[in-house]
Structure formats: structure tokens, C-alpha cells
Amino acid sequence: MSPVRESQYLRTAFIDVDALQHNVRTMRELLDVPHIFAVVKANAYGHGAVIASRAALAGGADALAVADIDEAIELRSAGIDAPILCWIHPKRADFAAAIRARLDIGIGRPDQLEAVVAAIDSGAAAAPALIQFKVETGLSRNGLAPANWQAVFARARELQDAGLISVRGIFSHLSNTSVEDDQEAAERFRTAVHQLNDAGLEPPYVHLAASGAAAKHPDLRFTAARLGISLYGLSASHELTAEEIGLRPVLTLQAEVVAVRHVSAGAGVSYDYTYRVPKNTTLALLAIGYADGVPREISGKGLAVQIRGNHYPIVGRVAMDQVIVDLGSDVTSIEPGDQALLIGDPSQGEPSAGDWATAANTINYEIVSRLGPRIARVAVESGAVL
Ligand SMILES: *Cc1c(COP(=O)(O)O)cnc(C)c1O
């Protein structure tokens, strides 16, 4: 979507609605599954939950997924009507609110199913509650333990027959450790699905794969996939990159140049003077820092930003609200008010979330999902700011 755009904000994440829709269509063609859950947890991996949800649904996803009930209710409040799955609940989860919002409640413990029924019995919400079972198949995280499957599925059948719940799905999640580990987890998942079917329940949503496995393991697609990172045009792994699949990055991160300063050889830069300029140079100050998700860890790693088409390294410590780039000695045209591009499209030679991840010794998921609330999210469609 680049080049750099004008912005009225100090920090702007432009969200390319066309790219997101393209990515949904590309994954739908690649996977050929009946249902796609667009995973929009954590503010849609930093992209803006409402913008991303609308774009994903317009692009052909038929459902959404988030971690928390609160994240799902926020989407309902924005008028989003599609099915929304959520699966991480506190002990005192407000299941009545979840039922009233017609959320698909992921059930990972037997007591959660009973708490859902109690919310209906209390009159706080009307039946039926929409249920999807999260089953534990290897990650040792949240999910019904195999020892509980039979009893819980039998109970669910009773509750469904009584009109209290509607069992809509069963799902689990893979570790991506190796093909063998994933196949072993899938085998456990198949066992869970059989047991659910044996209890007389055949829900429409049967899903195991997220972005990585969906592309890699055609046999693990079942009836749905939960796709997060791929819809944002980023790679789930190094084995099969976003570019190889034909995905386009959705987010462009910019920050405004707020000061330009000429300094002499030896001048210290930012806290602790971890960088002293080796010769006379010009520095530009950008209004973005670790509070906004620029990892302090990238300090001194030579990571570059792009200003007026050229690349300049970030130098010195990343501070809470500011980073400094070294423009070199021959730059006079850059001035306050210019926009710096921090994350863009690597296929256009622009810095990418992947570059940041490498510099910060982490993964692109962590980079984008930590982009903070001070960054304005601005949707762009057909080349125009919405
Ligand atoms: C976050 C998450 C996803 C999405 O994973 P991607 O790799 O981003 O596609 C899917 N399922 C579960 C359970 C998750 O926690």
C-alpha cells in the first residue's frame, strides 16, 4: 500500500482493507474449507479489531475469533453480527453477557459448561447458549482433558436436547513442533471428534489448524480454520512465507519526524549515550517509542526506517516516546512534519515486521500485537483513507 501517506497523527498504522480482503480470499482458495474464523484477538494483532473484523468478513471470512468475552462484546457493540468464538475465561466469567451477545463460548473445563447452564437457569440470559468444545491435544494449555470428554459430551447432549445449549463446534490447537507432533495431536483430536459424534453431536465447526498448519497440512483442515497472522499478510513460519503464499502485508506503520538536529562528531545520542556519532551528522527524532511497541531491544541493531524513500538506521536507545535516526551528513531536505515509514511491505524493499522481529529476537506476532493504543489506526480502501 505504500508509499508514505500524509497523516494528522503523530503515529499512524494505516490498515489496507483491500490487502486484508485479498488475504482472506487467498487463504480460502488455498485451504478450500467451508468456514474461516478470522482471528482478531489482541486488537486484531494490533491492526484495530473493528476495522480488521469488518474487512475480514467483507473478504469472505464467515466468523471471528478472539480470546476473551470482553473482546467479543466490543465487536458486538460495534454492530458486528457474525459468529464470534471466545475461549479464555476467568473463574467468574460473565457467561450471561456472553450468551446475551450470542457468542460462541469455548468450553475448556467441565465447570464452565455448568456455569453456562447456571447463567441460563438464573434467568440472566435466554437459552440456547452457543457452545464449542476446546479439547486438549498436546499443548498442555486450556482444553478439556481426554478423561473428561465422554462425560462432558454426554452431558452436552442432554443439555442440547433440553434446549439449553446448542453445540456448534469442537476445536483444538497445534504446537507446530514437528510434522510428527502435529499428526499425533491431530490423532487425539480425531478421537475427540469421534467421541462427540458418538454422543450424537455433529456440529458444523470442526477446527484444528491456525495459519501455519492450515497451509502446511491439508489433511488437518476439517471443516474450518482459525486464521490470524496470515490474514494480516505476515508469515506464520519460515518454511512457508507470506510472500510465497501470495499474501500482502496489511499494516503500514508511520511516525512523524518531530525534530531535526545537526550534531558534531562525538555527540551522545539518547539515554546512556550507547551511541556517539562518529562524525558530524544530522539526526531526526521520531515520535514513537517502546510505549508504542517499538522494542527497546532493537536499540543499536541497525534497524532502518524509511524517510522520503531512503533508509536510515535507528541509533541509540529506544525511549518510551521517541527514537532517533541518523540521517548522515548530506541530508538537508528532511524536516519536522515528514513521515517516517517504520513497517511496510518487504517486497517493496521497505522495513517489515519480520525485520523488527529479527532485531528484537522475537516473532512478527509479538511485534504487531504490541503496537500500542497511542497509534491511530486508519483504514485505507481503494487507495483512499476511509
Ligand atoms: C491465536 C490463535 C490462533 C491464530 O493463530 P495464527 O497462527 O495467527 O493463525 C488460532 N487458534 C488459537 C487457539 C489461537 O490462540
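All ligand and atom numbering here is 1-based and tracks the order in the structure.
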Quiz item: Among protein heavy atoms, which lies nearest atom 8 (O) of ligand 1, and at what distance?
Solution: Tyr45 OH, 2.5 Å
Practice problem: Quick one: do Phe222 and Phe189 satisfy ring-ring contact (aromatic ring centres under 6.0 Å, His included)? Show the steps, please. | Solution: CA-CA 10 Å; Phe222 300 94; Phe189 183 64; 5.0 Å; yes
Exercise. Return yes when Trp87 approaches ligand 1 closer than 4.0 angstrom through a heavy atom, no otherwise.
Key: yes
Quiz prompt | For ligand 1, the portion of Ser211 having any non-hydrogen atom under 4.0 Å away | solution = both
Quiz item: Is there a nitrogen or oxygen of Lys134 sitting under 3.5 Å from a nitrogen or oxygen of ligand 1?
Solution: no
Quiz item: Can you find a side-chain donor-acceptor pair between Ser175 and Asp181 that sits under 3.5 Å?
Solution: no
Quiz item: Under the side chain to side chain donor-acceptor pair (under 3.5 Å) criterion, do Ser347 and Asp345 qualify, and how do the steps go?
Solution: CA-CA 5 Å; Ser347 76; Asp345 184 348; 2.9 Å; yes
Quiz prompt | Greater than 12 external heavy atoms within 6.0 Å of Gln150's CD | solution = no
Practice problem: Could you tell me whether Leu227 and ligand 1 have an N or O pair separated by under 3.5 Å? | Solution: no
Quiz item: For ligand 1, does Phe171 get within less than 4.0 Å through its side chain, its backbone, both, or neither, judged by non-hydrogen atoms?
Solution: neither
Quiz item: Do the ring planes of Trp149 and Phe153 sit parallel (below 30°), tilted (30 to 60°) or perpendicular (above 60°)?
Solution: parallel
Quiz item: Which atoms of ligand 1 sit under 4.0 Å from any heavy atom of Tyr365?
Solution: 6 (P), 7 (O), 8 (O)
Donor-acceptor contacts, no H, no angles, side chain residues 86-97, under 3.5 Å, sequence neighbours left out:
residue	atom	partner	partner atom	Å
His89	NE2	Gly106	O	2.8
Asp94	OD1	Ala96	N	3.4
Asp94	OD1	Ala97	N	3.0

Quiz item: Got a sec: does the CG of Asp111 have more than 12 other heavy atoms crowding it under 6.0 Å?
Solution: yes
Quiz item: Hey, is Ile229 touching ligand 1 through its side chain, its backbone, both or neither, going by heavy atoms under 4.0 Å?
Solution: both
Quiz item: Looking only at non-hydrogen atoms, which of His207, Arg141, Arg226, Lys41 approaches atom 14 (C) of ligand 1 most closely?
Solution: Lys41
Quiz item: To which protein heavy atom is atom 12 (C) of ligand 1 closest, and what is the distance rounded to 0.1 Å?
Solution: His173 CE1, 3.4 Å
